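What follows is a single structure, written as structure tokens, with notes after it.
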Amino acid sequence: MSDRVSNWFKERLGLDDLPFFRTPDYMYKVNFWLGALVASAFIYTVISGLILLLYYNPDQGYESTLFIIDKVPYGSVALYSHLYGAYAMIILAYVHMFRNYFAGAYKRPRELLWIIGVIMLVLTLGTSFLGYSLIGDALATSAVDVGAGIVSSVPGLSGLLPVLFGNYDAGQYGRVLALHIIFAALIGVLFMFHFFLAEHYGMMPSRKEKPKAPAVYTKEEWMKFNPWWPRNFVYMMSLVFLTWGFILVIPNALSYLSGLPQQLNPFLNPKPAPPPNSPAAAHITTYPPWFFLFLYKMADFTNNVLLFLLFSSIIPLVYLIIVPFLDRSAELHPLKRKVFTGIGILMIVYLIQNTIWGDLTPGVPIPFSQQVMAFLPPAVIVAIGMYFLPSPKTETNDSPSLTQSTSITKVSTQNLPSLPIKAVGKVEVASETKKKFAEILISILFIMAVILAAQIWTIPSTGPASNLFGIDLGLIFIMLGEAISLYHYVVYKK
């Protein structure tokens, strides 16, 4: 039955003719599919954003936000999950980028693929900042004020304030909303190009397969792998549903927490703060969205805006864009690229360090001596560690590849003596037992998802109880994602 459905789609959509990457068995692991997780978060955020766009009034930002939360059916579910969809996209994009950085995935022939990915990360941060500002609460207004102050402090850029923010200080966010949508559209366009290049070159092979750049499979090697349809599609859908499930469950569960410590609010509070002109706003500590805490903290290091922009944004961004042209060696192992590996480690350390620092002491000026004490020790530790860590032995392709070893194994098992054949038989029996157990779990997950789906509509559509809808819907998605993952294991695992 499943084969007939698969063949029906294959014939109607011409899926055999698509120039998509054929995937070896060992690549069906999450670390090879981080880009798919980022795309899943992006797609969810776009869908939920379009729903919110039906109700949001940019001329009454804060009031419109409260209207969506309190009056629109399941509006708080859409709003909170839209916020955390963006959060998930940012976190996953960082993980995806640094994983590829340490794997050397920016090397030829993937230079353009890497550069587009870096630009997409910058656009994602900008889009998220603009979306965060649309809430119109005291924190969003303060964030826009700081952003506007930085822009106006740069000589010649003050005239851009009306273009970037419009009449935001009067509570009108039409221009911010327009830029938010434009940035999201740009991400979508670049994503299509990024996806095309990723499929063209294929996923980054294991270093056991391709120890040096250019790390790409030949067309002859590709033809030995699994076709994109339907296996890649099935595996990808399991990741999509799991990602969407957690995006729904986490913020709607967090909405029931109250009285969080101030330091946890930037990370765990999906609810808007008080309006900027209310008495309650005077009693809260203003801080930026968590993904810009590191940037805002670095603004406390100096009064020179150009110097701040140079060290906080321009130098790291330029480095990430030109690193494919700086690291010209063919080596892919991180310990054979010690300088670049060390720089990558320091970027992660400083990013986390400044984020926590900005959360603990927002807006507190930091003297130069404290800056040295904060940034020098990690640099010294990383430099010493990189110097003393031994470089691995040179890897070669003399040993059979994974595809070759698989075929050799298949041939050699035909002539095994009786004892190994029994051992192989035991392995096959154990594998079949696991698959039977997986089939039972699929049935259980499906039944539980149906039960949740049947009762989910009894949850009130507005008010605090409506967030239970988001939790239940997220759990349904997680069950579907896990069921599809188990189906992939049962059908395709050899």
Side-chain angles (χ1 to χ4, degrees), residues 6 10 14-39 95-117 191-239 323-325 327-334 336-337 392-412 488-489 491-494:
S6 174
K10 184 190 298 183
L15 296 174
D16 282 339
D17 300 325
L18 294 176
F20 287 169
F21 176 65
R22 299 171 72 92
T23 311
D25 288 336
Y26 77 88
M27 282 190 178
Y28 292 100
K29 298 177 181 177
V30 175
N31 61 306
F32 286 100
W33 292 75
L34 292 172
L37 297 182
V38 179
V95 174
H96 181 47
M97 182 187 74
F98 281 113
R99 185 264 179 189
N100 285 343
Y101 178 89
F102 291 116
Y106 54 76
K107 292 178 177 288
R108 61 187 178 95
R110 295 182 174 85
E111 298 96 333
L112 187 57
L113 181 65
W114 168 266
I115 292 171
I116 293 174
F191 167 75
M192 296 304 296
F193 193 22
H194 190 76
F195 176 79
F196 169 79
L197 289 176
E199 291 293 336
H200 176 68
Y201 295 122
M203 297 181 192
M204 186 79 173
S206 165
R207 285 198 305 273
K208 294 180 181 179
E209 287 275 272
K210 304 289 181 180
K212 293 187 177 183
V216 292
Y217 285 112
T218 64
K219 290 295 182 182
E220 291 75 16
E221 289 172 318
W222 276 27
M223 297 310 297
K224 300 176 184 178
F225 301 150
N226 305 298
W228 187 89
W229 177 268
R231 186 172 180 181
N232 281 19
F233 179 80
V234 171
Y235 188 76
M236 187 166 56
M237 290 308 298
S238 70
L239 298 179
V323 69
F325 311 103
D327 185 3
R328 303 296 296 173
S329 72
E331 298 294 345
L332 295 178
H333 198 289
K336 291 187 177 182
R337 302 180 285 119
K393 295 181 180 180
T394 302
E395 299 175 71
T396 65
N397 276 333
D398 295 337
S399 59
S401 68
L402 292 182
T403 52
Q404 291 173 329
S405 62
T406 300
S407 61
I408 291 172
T409 302
K410 290 179 180 178
V411 173
S412 61
H488 177 270
Y489 172 78
V491 175
Y492 299 108
K493 182 70 174 178
K494 297 177 183 178

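As the structure is a prediction and not an experimental result, all values here were calculated from the model.
Considering CE of M27 and CE of M203, their distance stands at 6.5 Å, rounded to 0.5 Å. In this structure, the separation between CZ on R231 and OG1 on T23 is 8.5 Å, given to the nearest 0.5 Å. Put simply, OG on S329 and NZ on K336 are 10.0 Å apart, with the number rounded to the nearest 0.5 Å. The CD atom of E199 lies 10.5 Å from the NE2 atom of H194; values are rounded to the nearest 0.5 Å. Annotation: the span from N31 atom CG to H96 atom NE2 amounts to 11.5 Å, rounded to 0.5 Å. The CH2 atom of W229 lies 11.5 Å from the CZ atom of F20; values are rounded to the nearest 0.5 Å.
Here the closest non-hydrogen pair linking F21 and N232 is O-ND2, 3.7 Å. Listed here is the closest heavy atom pair of E111 and R108: OE2-CB, 3.1 Å. K107 and L332 get closest at one heavy-atom pair: CD-CD2, 3.6 Å. Here the closest heavy-atom approach between residue A215 and residue P205 is recorded as O-CD, 3.1 Å. Among all heavy-atom pairs drawn from L113 and A198, the shortest one is CD1-N, 3.7 Å.
In this structure, E221 contributes its side chain and T218 its backbone to a donor-acceptor pair below 3.5 Å. Looking only at distances, a side-chain donor or acceptor of R110 sits under 3.5 Å from a matching main-chain atom of G202. Counting only distance, with no hydrogens or angles, the side chain of W222 and the backbone of Y217 share a donor-acceptor pair below 3.5 Å. In terms of modelled atom types and a separation under 3.5 Å, the side chain of H333 and the main chain of P392 share no donor-acceptor contact.
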> What's the verdict on side-chain contact (heavy atoms from CB on, under 4.5 Å) for W228 and M236, showing C-alpha distance, side-chain angles and the deciding distance?
Replying inline: CA-CA 10 Å; W228 187 89; M236 187 166 56; 3.8 Å; yes

> Yes or no on side-chain contact (heavy atoms from CB on, under 4.5 Å) for I116 and F193, after CA distance, side-chain angles and deciding distance?
Replying inline: CA-CA 8 Å; I116 293 174; F193 193 22; 3.3 Å; yes

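Stacking of R337 on the aromatic ring of F102 is not recorded, the 6.0 Å distance cut-off and the 45° axial limit not both being met.
The distance between the ring centers of Y492 and Y28 does not fall below 6.0 angstrom.
A 4.5 Å side-chain heavy-atom check between Y106 and I115 finds every atom pair outside the cut-off.
Salt-bridge check for R207 with E331: failed, with every basic side-chain N at 4.0 Å or more from each acidic carboxylate O.
With sequence neighbours left out, N226 forms a side-chain hydrogen bond (donor to acceptor under 3.5 Å, both in side chains) with D25.
In this structure, F196 places its CZ atom where only 12 or fewer heavy-atom neighbours from other residues, nucleotides or ligands lie under 6.0 Å away.
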